Amino acid sequence: MMSNANALMLLARRALTNIQTPVLSFRCFCSQSSSSYSSAPSSSPSAPNNKLFVAGLSWSLDERSLKDAFSSFGEVTEVRIMYDKDSGRSRGFGFVNFTNEDDAQTAKDAMDGKALLGRPLRISFALDKVRGGPVVIPRLSNINMFGRRS
DNA sequence: CGTGAGCGT
């Protein structure tokens with residue numbers, strides 16, 4: 001019985017003398033490491049979309065040139081280069097859409113780091129965030145759980 | 001005439 005009191009005192013002393021060790025027995029399994037995103041390839045940062053973010057482009061590069069350069073690796077469905085409305089010149093970055101992710105990956109792996117028009121290209125997967133895109137709003141007026149009314 | 005990281009209507 002005394003050992004209990006001793007242990008308690010020991011704990012109290014430890015708590016008083018060693019404040020730097022609050023709880024050591026608890027391990028948090030919250031982070032299971034690895035990619036927590038579903039359908040996320042382990043060898044590809046950002047979102048694995050068909051959209052490729054191409055930066056490092058020359059300010060005088062055209063979309064057709066970029067598309068032609070990327071069409072060699074796969075079927076390019078969309079090529080968009082961002083232009084500045086103030087200076088009227090390209091911002092040096094654009095987006096390339098591929099029909100297949102595999103082609104996009106191949107094109108990225110093949111063109112990323114290479115130089116086009118004298119400037120090194122920086123290719124990476126584009127983000128899913130799109131500003132000013134068509135906002136699709138579900139028909140909340142037609143949502144009826146009981147089928148009453150239309 | 002030069003400039004150069006980045007994520008789009």
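These figures come from a predicted structure and were not determined experimentally. Convention: sequence-line order gives letters A, B, ...; per-chain numbering from 1.
Per the geometry, CD1 belonging to A/I81 stands 12 Å off C1' belonging to B/dG8, to the nearest Å. Across the protein-nucleic acid pair, A/M82 atom CE and B/dG8 atom C1' stand 4 Å apart, rounded to whole Å. Rounded to an integer number of Å, the gap from CZ of A/R122 to C1' of B/dG6 is 6 Å. As rounded to whole Å, 13 Å separates atom P of B/dT9 from atom CG of A/L127. What separates CZ of A/F93 from P of B/dA5 is a distance of 14 Å, to the nearest Å. The CG-P distance, from A/D84 to B/dG6, rounds to 18 Å in whole Å. We find that CZ of A/F125 is positioned 14 Å from C1' of B/dC7, with the value rounded to whole Å.
Under the 4.5 Å side-chain heavy-atom criterion for ILVMFWY residues, a single connected hydrophobic cluster contains both A/I123 and A/L117.
Of all heavy-atom pairs between A/Y83 and A/G88, the closest is CD2-O, 4.5 Å. Considering every non-hydrogen atom in both A/N50 and A/T99, the closest pair reads ND2-O, 3.3 Å.
Projected onto DNA chain B by closest heavy-atom contact, A/G56 and A/K85 fall at different nucleotides, the more 5' of which corresponds to A/G56.
At a threshold of 4.5 Å between non-hydrogen side-chain atoms, the residues A/L66 and A/L116 count as touching. Residues A/T106 and A/F98 fail the side-chain proximity criterion, which asks for heavy atoms closer than 4.5 Å. Residues A/F53 and A/F95 are in side-chain contact: their nearest non-hydrogen atoms beyond the backbone lie under 4.5 Å apart.
Across all strands shown, A/L57 has heavy atoms under 4.0 Å from base atoms, whether or not it also approaches the sugar-phosphate.
Applying the salt bridge (charged side-chain N to carboxylate O under 4.0 Å, His left out) definition to pairs two or more places apart or across chains, those involving residues 84-100 of chain A are A/D84-A/R91.
For B/dG8, the base is stacked against the aromatic ring of A/F95, per a cut-off of 5.5 Å between centres and 30° between planes.
The side chain of A/S58 lies closest to B/dG4, out of B/dG6, B/dG8, B/dG4.
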Report each atom pair, protein N/O against N/O of nucleotides 1-3 of chain B, whose distance is under 3.5 angstrom.
none

